[in-house]
There are 2 protein chains.
Amino acid sequence: MNKATESDTEGRRERKRRETRERIQQAAMGLFLERGFDATTVDEIAERADVSKRSFFDYFPTKEEVVFAWQDRFADHLMEAIASRPAEEPAVKAVQHGLVSALVSATDERSLALTELVRNTPALRARDHLKYAKLEAKLTEGLKARAKGAAEEQRMRLLAAIVMGALRVGGERWNEQPPGASLEEFAHHFFADFWVTLAAFGEEGSKA
Amino acid sequence: MNKATESDTEGRRERKRRETRERIQQAAMGLFLERGFDATTVDEIAERADVSKRSFFDYFPTKEEVVFAWQDRFADHLMEAIASRPAEEPAVKAVQHGLVSALVSATDERSLALTELVRNTPALRARDHLKYAKLEAKLTEGLKARAKGAAEEQRMRLLAAIVMGALRVGGERWNEQPPGASLEEFAHHFFADFWVTLAAFGEEGSKA
DNA sequence: GATGATCTTGCACTTGGTGCAAACATTCAC
DNA sequence: GTGAATGTTTGCACCAAGTGCAAGATCATC
């Protein structure tokens, strides 16, 4: 059955299935970007991908899922990036650098179009926020893996939530940035400011 | 012709409409809790509320909306609670106390059942997270109203995001609490710990 | 090439949701 | 009161998402 890697033991069947899945995804994204999500029917997607409507649902459980399928890779990449940070690095720094690294390598042409699509489609926004929740869960997992002791794990849960907040707010600020700006540089400044603000909030909340 | 029942401006028309809306909501929630969200059809809800299916959609845009309609009140309550805090109180404290106050007054029998329902229904979870986003937006708004200057407003945006994170994590911890515990007391301890942790993260992130 | 496993498809069906126009109720002006 | 204007409810036809099922097409293997 399934051996080590893809190309080695991938028979005709598996190859075709993968190809079909990609063809459907391609067809769907093309149509979504052309006419919008709501104005595209599953029948049309199936038509363009040259499969039946029934088969479409054999590859993707819902129409929405086609849009969000690729995003799973970001979470995985983030996990890797964090895991590969030196163990002695403080968690806050590890997560910052892991996040920026995953972000930089995920910012391609397609992603931007996707983001735009989601922003313009109310029906997709709810699902989009679920993605944040899933990402936060994965982030928590990744951070807990580095933690020692239960108390530390609790703190990591909190750190994940806070960093996700930073990610959302950072995204907003980034969108207000003039085009062509350096993402890494922006992120560096944003995080520097972020930690300072965090410390200020923390101190103010702690006293009295 | 007894008009002076409670409100001068509410004629028969408006009263009936409000009553019908409440009847639908009641019928829907009853059925959802009895058999679950997915296993309840709009036809059944309409049947029990003694209106046509078509009329159901005249009162609620979607089946989901019936579940989330009441929750809007929480956001409003939170806004009020924050607005009514003394102006000289630091923002972090104002938001903490406002949140706890809104939370305490929102914890009734029905809300708990609702929360449970959402948790057990995948189809509702996405929408639930959208609710968090909306709440964060309102919170941002409420905090910015207290801010002076653009820099302060940016910090408030960040504070809103962070506090929403605290709300989510706090909710998780609260669910692990033995039943019968005091929500106010729990919140007090949680926030005390929260600010300290925040300060620690902030400091660690700031150095180097 | 026969055989069993897997993939694809067509078809019928359920459900959520919308547009429309006719029927009905309420309000208000005379 | 009569009647027009306006708002509400309903039935009906319709579209699109999604599912279960069974028959037919493909594929791996012996």
Side-chain angles (χ1 to χ4, degrees), chain A residues 1-3 6-25 27-28 31-32 34-69 121-124 126-127, chain B residues 1-5 7-25 27-29 31-32 35-69 121-127:
Chain A
M1 328 316 185
N2 235 341
K3 286 280 166 95
E6 308 144 355
S7 51
D8 226 11
T9 52
E10 193 189 45
R12 188 177 318 227
R13 208 156 226 166
E14 276 132 330
R15 199 195 63 231
K16 275 190 134 186
R17 193 160 173 84
R18 184 176 47 77
E19 281 171 356
T20 304
R21 187 185 163 90
E22 275 163 19
R23 221 171 51 244
I24 292 176
Q25 198 155 2
L31 285 166
F32 290 162
E34 277 172 35
R35 357 182 153 162
F37 181 81
D38 293 313
T40 303
T41 71
V42 174
D43 280 283
E44 290 169 327
I45 299 169
E47 175 81 15
R48 185 179 283 200
D50 199 30
V51 293
S52 71
K53 173 191 160 192
R54 196 60 189 78
S55 288
F56 172 92
F57 287 110
D58 200 42
Y59 284 90
F60 296 94
T62 67
K63 200 171 84 167
E64 293 179 354
E65 214 53 31
V66 186
V67 179
F68 294 104
T121 311
L124 292 176
R127 190 52 174 267
Chain B
M1 315 235 181
N2 54 358
K3 305 192 156 199
T5 38
S7 173
D8 279 354
T9 50
E10 194 189 47
R12 194 190 312 253
R13 216 160 222 167
E14 277 132 328
R15 199 196 66 230
K16 274 188 133 188
R17 195 162 173 82
R18 184 176 48 76
E19 280 170 358
T20 304
R21 188 185 163 89
E22 275 163 19
R23 220 169 56 243
I24 292 176
Q25 199 153 5
M29 293 311 307
L31 285 166
F32 290 161
R35 1 183 149 162
F37 181 81
D38 293 314
T40 303
T41 71
V42 174
D43 280 283
E44 290 169 327
I45 299 168
E47 175 81 14
R48 184 178 286 198
D50 199 30
V51 293
S52 70
K53 172 191 160 193
R54 195 62 189 79
S55 288
F56 173 92
F57 287 109
D58 200 42
Y59 283 90
F60 295 94
T62 67
K63 200 171 87 169
E64 294 180 354
E65 215 54 31
V66 186
V67 179
F68 294 104
T121 312
L124 293 176
R125 276 206 288 270
R127 188 50 177 266

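The sequence lines fix the lettering, A, B, ..., with proteins before strands; numbering per chain opens at 1.
Contact between the side-chain N/O atoms of Tyr59(A) and the OP1/OP2 oxygens of dT8(C) is found at a separation under 4.0 Å.
Checking dC7(C), dG18(D), dT9(D) against the side-chain heavy atoms of Arg17(A) singles out dC7(C) as nearest.
Arg18(A) has its CZ atom 14 Å from the P atom of dT8(C), to the nearest Å. Put simply, CZ on Phe60(B) is 15 Å from P on dT8(D), counting in whole angstrom units. At whole-Å resolution of the value, CD in Glu65(A) and P in dA17(D) are 15 Å apart. What separates CD of Glu14(B) from P of dT27(C) is a distance of 8 Å, to the nearest Å. Atom pair Arg15(B):CZ and dT8(D):P shows a separation of 14 Å (rounding to whole Å applied). Residue Lys16(B) contributes atom NZ, which lies 9 Å from atom C1' of dT26(C) at whole-angstrom precision. Between Glu64(B) atom CD and dA17(D) atom C1' there is a gap of 14 Å when expressed in whole angstrom units. Here the C1' atom of nucleotide dT8(D) and the CZ atom of Arg21(B) are 16 Å apart, to the nearest Å.
Under a cut-off of 6.0 angstrom, the local environment of CD in Glu64(A) is crowded, with over 12 non-hydrogen atoms contributed by other residues, nucleotides or ligands. For Gln25(A), the CD atom sits in a packed shell: over 12 heavy atoms of surrounding residues, nucleotides or ligands are nearer than 6.0 Å.
Evaluation of the side-chain contact (heavy atoms from CB on, under 4.5 Å) rule for Asp43(A) yields Thr41(A), Lys53(A) as partners, not counting sequence neighbours.
Salt bridge present: Glu22(A) and Arg18(A) bring a charged side-chain N and a carboxylate O closer than 4.0 Å.
For the segment residues 35-54 of chain A, residues with any heavy atom less than 4.0 angstrom from an atom of DNA chain D are, sorted by number, Thr40(A), Thr41(A), Val42(A), Lys53(A), Arg54(A).
With contacts defined as side-chain heavy-atom distances shorter than 4.5 Å, the pair Thr20(A)/Arg17(A) does not qualify. Between Tyr59(A) and Val66(A), the closest side-chain pair of non-hydrogen atoms is not below 4.5 Å.
Side-chain N or O atoms of Arg23(A) include one that pairs as donor or acceptor with a backbone N or O of Ala49(A) at under 3.5 Å.
Judged by closest nucleotide on DNA chain C, Phe56(A) is the one of Phe56(A) and Thr62(B) placed further toward the 5' end.
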